[in-house]
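For ligands, and for the atoms within them, numbers begin at 1 and follow the listed sequence. Values below: all heavy atoms of this structure, side chains included; hydrogens, waters and symmetry mates excluded.
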Amino acid sequence: MAISLPLNDFPELSLDASRLPQHVAIVMDGNGRWARRRGLARNEGHRRGKDSVRAVVEAARELGIPYLTLFAFSAENWERPSMEVDFLMRLFHRYLLTETKRLMKRGIRILALGDTERLPPRLRQVLAETVAATRFNSDMTVALALSYGGRQDVVTAMRKIAQRVASGELTPEQIDACVIGQSLTTGGLPDPDLLIRTSGELRVSNFFLYQLAYTELYFTDTLWPDFRERELLSALAAYQMRDRRYGNISPG
Ligand code: FPP
């Protein structure tokens with residue numbers, strides 16, 4: 001069944017409503033290059049990137065995609081110059097403060113993934129408030145990966161499991177893919193069906209490692225500040241062309 005999208009400005013990109021991904025994860029890359037190409041400071045790219053976040057969140061919500069994860073700040077991004085890190089922390093802070101009303105109106109729940117203890121106290125506070133304020137919203141979940149590293153996620157999960165084994169709550173034989181998945185910071189979320197990475201880089205860069213086992217990968221040269229509704233629809237159209245076999249064979 002083809003859907004008449006609320007995003008009717010793009011009639012050439014028709015999608016099948018019954019085959020939309022349940023969970024889209026995005027590595028938002030290319031802010032710095034977007035700015036450099038225009039002779040602007042890197043932070044201008046991040047600022048414009050925030051507008052893409054709003055556009056993509058709201059388009060995904062309109063389409064009825066229930067889960068969207070945005071890789072906003074990696075565990076390795078702490079190594080960037082402190083001026084850029086500080087700017088990003090303030091940008092996340094401002095985003096949460098200014099978007100809560102729009103998120104509430106659209107029934108969007110915010111989750112935080114990653115080592116959020118490392119975030120500045122003011123950001124941690126507003127993040128906790130946004131998570132609490134939106135916790136009963138059930139139309140869509142937006143997970144913000146902040147200070148997130150895929151390997152760190154696996155390490156933390158392994159420690160949790162080891163503690164459960166040490167305390168006698170779990171036997172080694174009871175450890176299975178489900179126990180591991182539930183112990184990750186994404187426990188409770190479905191694995192992503194589609195991973196989008198912008199800016200032409202063909203890497204996973206320590207984002208979800210365990211969770212991407214059967215995820216369809218979509219890479220685009222578009223830089224994140226230019227990634228808006230049309231680009232999301234193109235990615236979804238490409239996803240709908242894929243034949244997901246999960247190691248099996250196609251029927252017929
Ligand atoms: C990668 O581009 C982007 C980041 C490290 C920051 C992502 C932040 C945003 C998109 C801003 C808004 C986010 C939210 C959640 C409100 P880069 O700086 O590595 O770009 P480059 O590879 O071109 O240098």
Side-chain angles (χ1 to χ4, degrees), residues 24-61 67-103 106 108-116 118-120 122-131 134 140-150 152 185 195-208 219-229 231-232 235:
V24 176
I26 309 185
V27 179
M28 307 181 290
D29 198 8
N31 295 352
R33 273 163 285 169
W34 183 92
R36 199 174 57 231
R37 285 179 197 173
R38 287 162 180 78
L40 301 169
R42 292 179 56 80
N43 288 347
E44 283 309 310
H46 295 316
R47 213 194 298 274
R48 275 293 287 256
K50 184 160 83 70
D51 300 339
S52 295
V53 168
R54 173 186 280 178
V56 167
V57 165
E58 296 189 359
R61 165 69 187 86
Y67 296 93
L68 175 69
T69 297
L70 300 173
F71 197 15
F73 194 84
S74 75
E76 293 74 25
N77 287 152
W78 292 112
E79 303 305 321
R80 292 191 177 198
S82 64
M83 267 178 59
E84 181 168 342
V85 170
D86 292 348
F87 181 87
L88 281 168
M89 296 300 137
R90 286 199 304 275
L91 196 68
F92 300 145
H93 188 263
R94 205 164 335 124
Y95 171 78
L96 293 168
L97 279 184
T98 56
E99 289 301 294
T100 305
K101 229 165 118 185
R102 296 178 77 95
L103 296 169
R106 289 163 179 76
I108 300 174
R109 170 174 76 133
I110 292 286
L111 288 184
L113 309 178
D115 184 7
T116 52
R118 284 189 77 181
L119 301 173
R122 280 182 68 233
L123 173 58
R124 249 171 36 217
Q125 169 80 18
V126 74
L127 188 58
E129 285 166 10
T130 310
V131 169
T134 61
M140 182 191 188
T141 297
V142 172
L144 298 175
L146 291 163
S147 190
Y148 178 83
Q152 292 84 332
T185 182
L195 173 79
I196 299 171
R197 181 168 186 156
T198 58
S199 91
E201 306 294 356
L202 307 177
R203 299 187 282 270
V204 173
S205 296
N206 199 23
F207 187 36
F208 291 157
F219 298 102
T220 170
D221 287 338
T222 303
L223 304 175
W224 177 251
D226 291 327
F227 192 96
R228 300 288 164 99
E229 292 86 345
E231 288 71 29
L232 178 67

Taking distance alone, with no angle check, do [X] and ligand 1 share an N/O pair under 3.5 Å?
X: Arg80; result: yes
X: Trp224; result: no
X: Arg33; result: yes
X: Tyr95; result: no

Parallel under 30°, tilted from 30 to 60°, perpendicular over 60°: which one fits the rings of Phe207 and Tyr148?
->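 The rings of Phe207 and Tyr148 stand perpendicular, inter-plane angle above 60°.
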Report, as yes or no, whether the 6.0 Å neighbourhood of atom CZ on Arg122 holds more than 12 heavy atoms from other residues, nucleotides or ligands.
-> no
Winner among Arg36, Arg42, Met28, Glu84 once heavy atoms are compared against atom 18 (O) of ligand 1 = Arg42
Under 4.0 Å, heavy atoms only, figure out whether ligand 1 is touched by the backbone of Asn31, its side chain, both or neither.
-> both
Among all protein non-hydrogen atoms, which one is nearest to [atom], and what is the separation to 0.1 Å?
atom: atom 13 (C) of ligand 1; answer: Phe92 CE2, 3.6 Å
atom: atom 5 (C) of ligand 1; answer: Asn77 OD1, 3.6 Å
atom: atom 7 (C) of ligand 1; answer: Ala72 O, 3.3 Å

Hey, which atoms in ligand 1 end up nearer than 4.0 Å to a heavy atom of Gly32?
->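 Checking each atom against Gly32, I get 17 (P), 18 (O), 20 (O), 21 (P), 23 (O), 24 (O).
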Does ligand 1 have an atom that lies less than 4.0 angstrom from a heavy atom of Leu91?
->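 Leu91 counts as a contact of ligand 1 under the 4.0 Å cut-off.
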Sub-4.0 Å heavy-atom contact, Ser199 with ligand 1 = no
With side chain to side chain contact (heavy atoms under 4.5 Å, CB included) as the test, would you mind laying out the steps for Phe208 and Thr69 before giving the verdict?
-> CA-CA 10 Å; Phe208 291 157; Thr69 297; 3.6 Å; yes
Worked verdict on Met28 versus Val53 for side chain to side chain contact (heavy atoms under 4.5 Å, CB included) = CA-CA 9 Å; Met28 307 181 290; Val53 168; 3.7 Å; yes
Check: Thr185 side chain, Leu113 main-chain N or O, donor-acceptor pair, under 3.5 Å = no
Would you give the length of the straight line joining atom CG of Leu68 to atom CG of Leu232, rounded to the nearest 0.5 angstrom?
-> 8.0 Å
Determine whether the side chains of Asp115 and Gln152 contain a donor N or O and an acceptor N or O closer than 3.5 Å.
-> no
Under the 6.0 Å and 45° cation-pi test, does Arg38 pair with Trp34?
-> yes
